[in-house]
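Input: a single structure, listed below in structure tokens.
Quantities reported herein were computed from a predicted structural model and do not represent experimental measurements.
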Amino acid sequence: MAEPASRSVDTIKYHYKFIFESGEETEFNIELDGISLNLIQKKEPYHYKWTKLKCCQCPNCTLDEKEHECCPIAVNLVEIVDYFSIFVSSEPVEVIVTSKERTYSKKVPLQQGVSSLIGIYMVTSGCPVMEKLKPMVRFHLPFATLEETMYRAISMFLVSQYFVYRHGGYPELNLNKLSDAYENVKTVNESFLKRLQTIDTKDSNLKAVVVLDHFAKGVNFSIDSKMVDDLYYLFEGYIK
């Protein structure tokens with residue numbers, strides 16, 4: 001069995017800054033463990049009713065209420081959901097995302113910026129279903145298009161199958177397992193949307209989750225409809 005290469009233990013940081021046309025600004029600092037990619041939560045979470053595990057619990061959830069009183073995603077998103085609950089999704093905003101390597105900046109509808117932010121929390125909060133998307137967070141791409149997301153998701157999956165092979169397993173190259181993974185992600189998105197609909201909030205939070213669900217469905221549709229074949233032209237140099 002191949003031994004894993006050495007890994008960085010540096011904390012991974014993403015800084016999100018939202019600048020509204022009114023001049024109001026808000027910032028969110030995200031820190032992830034450099035190895036596990038788990039969210040480092042420095043504040044004591046609020047256990048609101050809507051954060052309880054049994055509130056609109058995902059049908060594919062594998063967590064036990066005896067060990068997990070609350071949904072880990074919901075608990076970690078309380079601050080974000082509270083802040084954006086007074087905003088409508090279409091409000092224009094400039095979003096600046098800073099990581100160690102580079103800075104991204106784009107003027108977008110609020111729902112798109114919040115979606116990018118929420119997406120990180122959903123993957124890194126400890127939800128077993130979302131665990132498979134952690135490599136996407138490690139190489140986070142804010143404001144990605146559906147085509148970019150499809151490429152990154154498929155690339156991520158094929159690299160995972162390379163490591164399955166390296167560790168003596170049998171790699172799967174027909175993308176069925178990736179499709180299954182995104183089907184489970186879609187279920188989490190839909191259930192989390194129902195969870196948010198139980199609280200008093202304007203639609204910026206709701207539409208942000210809808211955007212995430214759109215991308216999950218888009219990746220699956222691309223696989224099922226063989227749209228991935230549209231990327232063939234990029235790799236002719238490997239096939240000739």
Side-chain angles (χ1 to χ4, degrees), residues 11-14 16 28-84 111 114-142 144 149 152-153 156-157 159-160 177-199 201 205-220:
T11 301
I12 298 167
K13 298 180 181 181
Y14 296 111
Y16 269 72
F28 296 91
N29 291 300
I30 304 169
E31 294 189 12
L32 308 177
D33 181 271
I35 294 178
S36 68
L37 296 182
N38 290 331
L39 180 70
I40 300 172
Q41 185 60 279
K42 296 183 177 180
K43 297 181 180 179
E44 186 66 27
Y46 292 101
H47 291 182
Y48 294 142
K49 183 178 179 180
W50 69 271
T51 68
K52 301 298 183 182
L53 186 66
K54 288 299 183 181
C55 176
C56 302
Q57 185 175 6
C58 304
N60 56 347
C61 179
T62 59
L63 298 178
D64 187 341
E65 189 181 18
K66 295 179 181 178
E67 299 178 6
H68 301 271
E69 178 187 359
C70 295
C71 165
I73 293 176
V75 166
N76 284 318
L77 279 175
V78 165
E79 182 181 3
I80 292 172
V81 170
D82 280 353
Y83 180 82
F84 290 109
Q111 65 184 40
V114 178
S115 176
S116 181
L117 177 65
I118 286 179
I120 297 177
Y121 281 80
M122 292 189 76
V123 174
T124 62
S125 289
C127 170
V129 173
M130 305 298 287
E131 188 85 5
K132 288 185 170 61
L133 299 189
K134 277 186 173 179
M136 300 276 278
V137 171
R138 175 59 186 87
F139 301 101
H140 181 49
L141 181 62
T149 301
R152 293 172 65 235
M156 172 192 70
F157 177 75
V159 171
S160 78
K177 288 183 179 179
L178 177 62
S179 182
D180 291 343
Y182 265 90
E183 189 65 30
N184 281 315
V185 168
K186 183 171 71 72
T187 298
V188 171
N189 290 337
E190 292 171 349
S191 297
F192 199 80
L193 182 61
K194 293 177 182 178
R195 183 185 292 270
L196 290 179
Q197 289 170 338
T198 67
I199 63 178
T201 178
N205 289 313
L206 303 176
K207 289 292 183 65
V209 178
V210 170
V211 170
L212 291 173
D213 195 44
H214 166 73
F215 278 92
K217 290 176 179 176
V219 170
N220 250 1

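- A donor-acceptor pair under 3.5 Å links the side-chain atoms of Asn205 to the main chain of Val81, judged by distance alone.
- Smallest separation of non-hydrogen atoms from Ile199 and Leu196: CG1-O, 3.0 Å.
- Closest approach of Leu53 to Leu63, counting heavy atoms only: CD2-O, 3.9 Å.
- Here the straight-line distance linking atom CD1 of Ile80 with atom CD1 of Ile30 works out to 6.5 Å at 0.5 Å rounding.
- The distance from atom OG1 of Thr51 to atom CD of Glu69, rounded to the nearest 0.5 Å, is 7.5 Å.
- Across Leu37 and Leu32, no two heavy atoms sit closer than the pair O-CD2, 4.2 Å.
- Scanning both residues, Tyr14 and Phe139, for their nearest heavy atoms gives OH-N, 4.4 Å.
- Using a cutoff of 4.0 Å between basic side-chain nitrogens and carboxylate oxygens, Glu190 and Lys194 are not scored as salt-bridged.
- Between Met156 and Met136, the shortest heavy-atom contact is SD-CG, 3.4 Å.
- A distance-only check finds a donor-acceptor pair linking the side chain of Thr198 to the backbone of Arg195 [under 3.5 Å].
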Between Met122 and Asn189, does the side-chain contact (heavy atoms from CB on, under 4.5 Å) criterion hold? Intermediate values first, please. CA-CA 9 Å; Met122 292 189 76; Asn189 290 337; 3.5 Å; yes
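- Remark: Asp180 CG to Lys132 NZ distance equals 9.5 Å, nearest 0.5 Å.
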Let me see the working for Asn29 and Lys13 under side-chain contact (heavy atoms from CB on, under 4.5 Å), right down to the final yes or no. CA-CA 7 Å; Asn29 291 300; Lys13 298 180 181 181; over 6 Å; no
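- Atoms CZ and CG, on Phe84 and Leu77 in that order, are 11.0 Å from each other to the nearest 0.5 Å.
- Between Ser125 and Val75, every side-chain heavy-atom pair lies at or beyond the 4.5 Å cut-off.
- Judged purely by atom type and a 3.5 angstrom limit, Arg138 has no side-chain atom pairing as donor or acceptor with the backbone of Gly34.
- The shortest side-chain heavy-atom distance between His140 and Ile120 falls under the 4.5 Å cut-off.
- Aromatic ring orientation, Phe192 versus Trp50: perpendicular (interplanar angle above 60°, classes split at 30° and 60°).
- Note: Cys70 SG to Glu65 CD = 9.5 Å, rounded to the nearest 0.5 Å.
- Nearest heavy-atom pair across Ala144 and Phe215 is O-CZ, 3.4 Å.
- Note that CG of Leu193 and NZ of Lys207 are 10.5 Å apart. Values are rounded to the nearest 0.5 Å.
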